Amino acid sequence: MYRILCVFFLMCVSSTAAAKELNDNLKRYVESWQMIDSAQRLIILESLVTDPFYYDDPTTQQVTINSAKRLNQWIDDFHAQMRFENIWPISAQLISQIDSRTTERGSVFRFNWRISSHGTTLIEGTDFGKANKEAKLIEVNGFFGLPIPIKPVSDH
């Protein structure tokens, strides 16, 4: 019985440490969206994501983002668009706690975010994805807008 309790305790401690590391990585991921220095951002992204890494949101329908390098270019393009539209500087922020579930295979997660400029919200959304056992992000999928309530399926 003692051995079972010890194993259970170690699994809980390990799971808690993995969840904290995942939370830290996701916070750095969100912060990377506001980083101006592309070279520094790439170094951070490469430390946070797996290879390959997949990113998808409503604007990427015709684009494949499957690496830290490609995501970094996507963020550069986003910054250029914001500057072109005179919406600069931007701020990327978490607006919810990170909800994650960690197992021996890795984690799934979701969180809400906001991008703003000069105190005005430009867009909000929800991201969800997967991370490996080392808390590196495997994929991030985004939705724009606040989450909508999911209606129960009717019995018709």
Side-chain angles (χ1 to χ4, degrees), residues 10-148 150:
L10 290 174
M11 286 173 46
C12 291
V13 169
S14 175
S15 178
T16 302
K20 182 185 178 335
E21 187 173 1
L22 176 60
N23 282 0
D24 291 345
N25 284 351
L26 286 168
K27 288 174 186 175
R28 291 176 60 211
Y29 167 80
V30 171
E31 291 168 357
S32 75
W33 278 81
Q34 65 190 11
M35 292 184 68
I36 297 169
D37 185 325
S38 183
Q40 184 63 34
R41 184 185 332 108
L42 180 58
I43 291 168
I44 289 171
L45 289 172
E46 287 176 334
S47 75
L48 298 176
V49 306
T50 60
D51 183 23
F53 163 78
Y54 298 97
Y55 172 82
D56 195 21
D57 74 26
T59 65
T60 61
Q61 291 176 351
Q62 304 300 320
V63 179
T64 300
I65 299 175
N66 57 5
S67 67
K69 184 177 179 180
R70 186 65 189 100
L71 178 61
N72 192 50
Q73 182 60 53
W74 187 256
I75 296 172
D76 278 341
D77 294 346
F78 173 74
H79 285 194
Q81 179 185 0
M82 294 297 102
R83 283 188 184 103
F84 177 77
E85 295 178 17
N86 292 320
I87 305 172
W88 195 257
I90 62 162
S91 173
Q93 307 154 317
L94 280 172
I95 59 172
S96 74
Q97 292 183 341
I98 297 166
D99 182 23
S100 65
R101 301 293 181 268
T102 302
T103 69
E104 65 278 354
R105 294 176 313 203
S107 301
V108 293
F109 59 83
R110 66 179 174 169
F111 58 88
N112 298 327
W113 52 266
R114 171 186 303 134
I115 294 180
S116 57
S117 181
H118 301 287
T120 300
T121 298
L122 304 173
I123 191 164
E124 292 180 334
T126 300
D127 282 7
F128 69 92
K130 295 180 183 178
N132 66 13
K133 291 189 297 188
E134 292 76 32
K136 285 189 135 194
L137 310 181
I138 297 169
E139 67 179 77
V140 174
N141 303 279
F143 287 85
F144 294 164
L146 294 176
I148 57 171
I150 299 175

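The analysis underlying the following values was restricted to heavy atoms, covering all of them including side chains, and did not include hydrogens, waters or symmetry mates. This structure is a prediction, so every number in the text was calculated from the model and none was measured. For this chain, numbers begin at 1 and follow the sequence in order.
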Minimum heavy-atom distance F53-T50, with the two atoms named: CB-O, 3.2 Å
D24 bridged to R28 by N-O distance under 4.0 Å: no
Nearest atoms (heavy-atom pairs only) where E21 meets E134: OE2-O, 3.5 Å
Heavy-atom closest contact (A18 atom, A135 atom, distance): O-CB, 4.3 Å
Min side-chain heavy-atom separation L122-M82 under 4.5 Å: yes
Flag side-chain contact, heavy atom, 4.5 Å: F111 against V30: yes
Residues D57 and T59: side-chain donor-acceptor under 3.5 angstrom: yes
More than 12 heavy atoms of other groups within 6.0 Å of K136 NZ: yes
If you look only at distance, which donor and acceptor atoms sit under 3.5 Å apart when one is on a side chain in residues 67-74 and the other is two or more places apart or in another chain?
{"residue": "S67", "atom": "OG", "partner": "R70", "partner atom": "N", "Å": "3.0"}
{"residue": "N72", "atom": "OD1", "partner": "R41", "partner atom": "NH1", "Å": "2.5"}
{"residue": "N72", "atom": "ND2", "partner": "S38", "partner atom": "O", "Å": "3.2"}
{"residue": "N72", "atom": "ND2", "partner": "S38", "partner atom": "OG", "Å": "3.0"}
{"residue": "Q73", "atom": "NE2", "partner": "D77", "partner atom": "OD1", "Å": "2.8"}

Nearest-0.5 Å distance, CD of residue Q34 to OG of residue S116: 8.5 Å
Minimum heavy-atom distance M35-H79, with the two atoms named: O-CE1, 2.9 Å
Nearest-0.5 Å distance that lies between atom CG in L42 and atom CG in D37: 10.0 Å
Rounded distance (nearest 0.5 Å) linking atom CD1 of I98 with atom CZ of R110: 12.5 Å
side-chain contact (heavy atoms from CB on, under 4.5 Å) evaluation trace for I44 with Q40: CA-CA 6 Å; I44 289 171; Q40 184 63 34; 4.2 Å; yes
Close side-chain approach of N23 and F109, heavy atoms under 4.5 Å: no
For the student: nearest non-hydrogen atoms of G142 and P58, plus distance: O-CD, 3.4 Å
Separation between CG of N132 and CZ of R105, rounded to the nearest 0.5 Å: 13.0 Å
Separation between OG of S107 and CG of L22, rounded to the nearest 0.5 Å: 5.0 Å
Verdict with supporting geometry, Y55 and V49, side-chain contact (heavy atoms from CB on, under 4.5 Å): CA-CA 10 Å; Y55 172 82; V49 306; over 6 Å; no
Aromatic plane relationship, W33 with Y29 - under 30° parallel, 30 to 60° tilted, over 60° perpendicular: perpendicular
Side-chain touch Y54/N141, heavy atoms, less than 4.5 angstrom: no
Residue pairs fulfilling ring-ring contact (aromatic ring centres under 6.0 Å, His included) with at least one residue in residues 112-135, sequence neighbours excluded: F128-F143
Residue pair D127 / L26, side-chain heavy-atom distance below 4.5 Å: no
Nearest-0.5 Å distance that lies between atom CG in D56 and atom CG in N66: 11.5 Å
Under 3.5 Å, which donor-acceptor pairs do the side chains of residues 83-91 form with other protein atoms, sequence neighbours left out?
{"residue": "E85", "atom": "OE2", "partner": "Q81", "partner atom": "NE2", "Å": "3.3"}

